[in-house]
Amino acid sequence: MSWGYLIRRLLAIILVLVIVTFAVFAITAILPGNAAIMILGEYATPDAVAALQKQLHLDQPWYMQYYSWVSGILLHGDFGMSLRLSLPVTQVVGEAFLNSALLAVTALVAVTIIAIPLGALAALKRGTAVDLIIGLFSYLGTALPEFVTATLLLVFLAAPNTGPFPAGGFVAPWEDLGGFASHIVLPAVTLGLILLAHVSRQVRSEMSEVLSSDYVRAARLKGLSERRVIRRHALPNSLAPAVAVISLDIGYLLGGIIVVEEIFAWPGLGRVLMYALENRDLPVIQAVTLLLAGIYAVSNLVSDIVIALLDPRVRYA
Amino acid sequence: MTVSLAPVATDANSSTEKPALVIRNYSLSYRTDNGLVSALKNIDLTIGKGQTVGLVGESGSGKSSMAWSVMRYLPPNAVETGGAIRLAGEEMLDFSPRQMADIRGSRMSMVFQDPSTSLNPTIRIGEQIAEVLMRHRGLTKIEAYAYAEAALARTGITRPKEMLGRYPHEASGGEKQRVVIATAFACEPELIIFDEPTTALDILTARQILDLFNQLREETNVSALYISHDLGLVSRVVDEVSVIHKGVIVESGPVQDVFRRPKADYTRQLIGAVPNPDRWIGVDAPAVPETLVKLDDVGVRYGAPTKLQKLFWPKDSETTGFWGAKGVNIDIRKGELLGVVGESGSGKSTIAKVLAGLQDFEGRLEFAGKTFANRKDIDRAYRRRVQLVFQHPDASLNPRQRIGTIIGRPLKLYGVVPADKVAARVAELLEMVRLPADYAKRYPHQLSGGEKQRVAIARAFAAEPDLVICDEVTAALDVSVQAAVAELLVKLQKDTGTACVFITHDLNLIRQLAHRIAVMHHGKLVDFFDRPDARSDDRDAYTKALLDAVPVPEAAIA
C-alpha cells in the first residue's frame, strides 16, 4: 500500500461524492409536487407560492440551483436553511449525527468484540454442540427484523417499573454517563444482533479453512502451544474477510439505525431523515444523504487499510 | 492412548546405541461411513542412527499416513490397531499430547512438500524460525533470532539477516524450502521426516535442495525418513529403502539391492515404469520430414499496455508487462512427437496456448499453408485440426457431463460422423484408449485419475486432429499410470499419424518419447535438438544443467 494508492482511493471517494450530489439533487428536483406548495399547503395563493419559490431560488434553472447549493457547502460549509425548522441544516444534522455516531459506533465495537471470539470458538469446536448453539443463536439474530427484536427487548427488559432499562430516549454521555449507558443498551443490542451473525459466520468459515491449512499444521508440528497456534498463526489470518464484512455492514447499519432510532426515540440522523422526508425538507434530505454516502465511502477505505495491515501480501499489490 | 502392544524382542545392539526410530508391527485404520478402512498393515521399519531410509509408494499407498503416525498427528477418525513406534527406544504411543508437543520440533521435525503453503504468509520468516527455538530451547528473542540467522546461513541463504525480515511471499520457492529445512534442523532433532520435499520445486531448485539435504545429513548425522514417489530420486539420497503398496511394505533393503534385484512383483513393476531416458518407446518418424506447423518469431506479452496507457505514457509502453515468450521459432513436423521442456514460468505453456489458439500473440503462426498473424484470425478448421489435452483432467472434464457426452461433443461440433453414428464412434474411441465401452454412461468422478486422462485424450483424438498438444498430461499421475498414458499416446500416434507436442518438465520421460526436444528458459527458446543429440557437447549450458540435475534411477545405470 503506497501513498499513490491512498491518493487514488481518496480521489475515487471524491468522485463518488460528486456523483451522489448529482443524484441527490436530481431526485429531489424530479420529485412530484412543489416544495413551495408543500410548505404553504394546498390552499396557498399563487402569489405566495411564487414569492416563496423566488426566496428558495426554485425559479432559477437547475444548474444554478445546483451551483449555489454545492458552492455553499464547499465555500462556507453551509447546507442551507431547514425549510421547516428555521434552523441552519448544519445545526440540525450535526447534533443528530453525533447522537447516531454514538449509537452506531457502540453497536459496531460491541459486535466486533463479541463476534470475532464467537466465530473463532465455533470454528475450533466445529461440529460440536457449542458450534451448533452459536450458529443457531446468530442465525436467529439475523432472521429477526429490527422491529421484532426491539419489541421483544422492550417487552422483557423495559417493562414499566420493573424493567432494568428505559424504553426509549436519550441522555448525553457528558451530562450523565450512567444514564447514557442505560439508554444505549437496548438500541445497540437491537442493531448489533443483526450484524453479529454476519461477522461471526465469516470468522468461523475463514478460521475453519485456516485451521486446516498446511501452515497451521506446520505450526502444530513444530510443537508450538495450542494457544500460540491459534492466537499467532490462525486468528490473525482469519480476520481480513470479517473486516470486509464489517465495512459492508456499515451500509446495513445506516439503514437499521433509521428503524431503531424511531422505535427507541433516539434523536439521531434516522429521526431527522424521517422528519425531513415527511415534511419534504429538501436541504435536510440532501445533507443527510450526502453524509451517509460519505460515511460509507470512508469506512470502505478504512477497511481496505486494515486488511492491508493484516496481510502483508496485500500491502504491495 | 490405549493401544495393544505386540511383544517386541529387543535388538542385540540396543544396549550400545538405540536406533533413531523403530516401527514394529504397526497397523492403522480409518473409521469411515463404510466401516473401518485399513491404511497401514503390520508395518516394520527401522532407522538407525544417522541413517536415511526411503519410503517409496504411489498415491494412496499409505506413505503419508506413515508420516502422520510417526509425528503422532492423526485425524480424529484414525484407529491404531496395534504395534509400536519408538523414538530412540521410547514408546511414543504411550506419550500424552503434552509430551508429544515437547518432542515435535525439538527431537523430531518435518519438512513438507510445498514450502509456499507450509509457511504462514502473514508472519515474517525470522519469527517462524525463532518461535521453535524459543519454545523448545527457552532462548530469549534476541538469542533465538541470532540462532535463526546462523541456521539460515547453514542452509546456503546468502543474506540470512535480510531473509529474517522478509515475508514468505518475498522469497523464492527454493529459499522458502531452505527456510523450512532450517526450521526443521533448528533444534538439532534426532529424526527428520522429509515428505516429498522437492516435488513442488523446479528441476534445478530441486537439485540444489537435494544437495543441501545430503550436505546437512553429513554435517549433523541426523536420522531421516525420506518419503517420495520418485524412485530415481530416492535411489540417490537414501541408504535403505522400503517400498509400500496399499498399506503394506512389500520390500525393504539396502537401496542398491532393491533397485538392482527387486524381489517383489510390485517393486519390479514400479521400477519398470520409471522413465528410462535410454529406452526409446516412441513411434518411427516419417522418413521425409514435412512441416505441419511453424511458429515464426512468436511473442506473447502479458500485461501489455492498453491503448490508453500508450496514449498517455508512450515512454512506458516498452517496459510495462512482461514477455511470457519472445522471438520463438519452432516448426512441428507431421507425425512427430516434439518435446517442449522447461521450468515453471519458462513459457512452455504459453506456447501451448498460442498453438491452441487461446492466447493473443505477436509474430506469425503458419499451419498447412495458411498464415495467422493474430489469434482472432484463427478459424474453426484450425481449431478442429489442433487439439489440446490439459494437465488436470479433473479441471478439464465437465463434472456434470457423462463421458459419452464429453467425447461426443467434438464429433457433433465438427460433424465428424453422422448423428446416428456418434454413440458407436464414442465406443470405438473409448476402446482406442483402452477403456470399456460402457464407461460412456459414467461421470468423471467415477473414474480414476489415469482413466480420466484417457478420456481427455480420447476427446482430443475424436476430432481427428493433425496435431495434439499435451500440456503436462502425466504430471498429476502416478509413475505406473504415467507410463501407461505415455504408451497409449505413442500407440495413438502410430495408429493415426497425428503429430504431438508434448510439454513436460520430466526430462527422463521426454527422452523416451520425443523425436526432437525444444528447451525453453525465461520465455526464450534456448535449445532445439534431435533426441539422440541430448548429451552432445554443443548443447546449450542451460540444457546441460537441466540434464545433470535430473537423477537417473540406479537401475538404469547398472
Side-chain angles (χ1 to χ4, degrees), chain A residues 1-2 4 8 11 116 120 123-131 203 206-244 304-317, chain B residues 64 67-68 70-77 95 97-125 127-137 165-170 176 179-180 183-184 186-187 189 192-193 195 200:
Chain A
M1 178 155 313
S2 59
R8 274 207 305 279
L11 286 176
I116 289 174
L124 286 169
K125 303 273 174 191
R126 203 174 162 181
T128 66
V130 176
D131 179 25
V203 172
E206 192 67 16
M207 182 95 168
S208 304
E209 205 165 293
V210 169
L211 282 175
S212 61
S213 72
D214 284 0
Y215 60 81
V216 165
R217 189 180 67 190
R220 287 194 167 129
L221 290 177
K222 282 170 169 180
L224 301 181
S225 66
E226 192 61 16
R227 191 184 150 107
R228 183 169 169 86
V229 169
I230 288 162
R231 292 206 185 166
R232 185 70 188 102
H233 285 266
L235 193 56
N237 294 6
S238 316
L239 294 184
V243 173
D304 283 358
I305 292 170
V306 173
I307 287 169
L309 291 177
L310 283 170
D311 190 342
R313 286 169 299 180
V314 181
R315 268 175 235 170
Y316 306 93
Chain B
S64 293
W68 304 130
V70 174
M71 293 302 289
R72 315 295 309 135
Y73 191 73
L74 291 164
N77 66 336
F95 283 165
R98 187 173 283 268
Q99 281 174 305
M100 271 323 295
D102 287 339
I103 288 177
R104 285 190 205 116
S106 70
R107 293 181 58 193
M108 190 166 76
S109 60
M110 194 159 169
V111 173
F112 308 91
Q113 179 169 347
D114 191 348
S116 59
T117 59
S118 55
L119 290 172
N120 190 324
T122 65
I123 301 180
R124 289 178 203 272
I125 283 165
E127 187 181 338
Q128 300 200 44
I129 306 175
E131 63 183 357
V132 188
L133 292 156
M134 288 158 76
R135 160 79 172 88
H136 294 296
R137 284 287 177 86
R166 288 202 202 161
Y167 287 101
H169 71 273
E170 297 168 309
K176 276 184 270 193
V179 169
V180 174
T183 314
C187 292
I192 301 188
I193 298 178
D195 185 9

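Naming: A, B, ... by sequence-line order, numbering from 1 per chain. Keep in mind that this is a model prediction, so the values were computed, not measured. Only heavy atoms go into these numbers, but all of them, side chains included; no hydrogens, no water, no symmetry mates.
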For A:R126, look at atom CZ and say whether over 12 heavy atoms of other residues, nucleotides or ligands are found less than 6.0 Å away. no
Any salt bridge between A:R232 and B:E131, counting N to O under 4.0 Å? no
Under 4.5 Å from any heavy atom of chain A - which part of B:N120: both
Compare all side-chain heavy atoms of B:Y167 with those of A:D311 and state whether any distance is below 4.5 angstrom. no
Non-hydrogen atoms of A:L310 and B:T122 that approach each other most closely: O-CG2, 3.7 Å
Chain A contacts, top residue of B:M134, B:M108, B:E127 (heavy-atom pairs, under 4.5 Å): B:E127
Can you name the closest pair of heavy atoms from B:P121 and A:N237 and give their distance? CD-ND2, 4.1 Å
Please name all residues satisfying side chain to side chain contact (heavy atoms under 4.5 Å, CB included) with A:S225, sequence neighbours left out, ordered by chain then number. A:R227, A:R228
Most chain A-contacting option - heavy-atom pairs closer than 4.5 Å, from B:T183, B:V132, B:V180, B:I123: B:I123
Any side-chain heavy-atom pair of B:Y73 and A:L221 under 4.5 Å: yes
Can you name the one residue among B:R135, B:M110, B:Q128 that meets side chain to side chain contact (heavy atoms under 4.5 Å, CB included) with A:K222? B:Q128
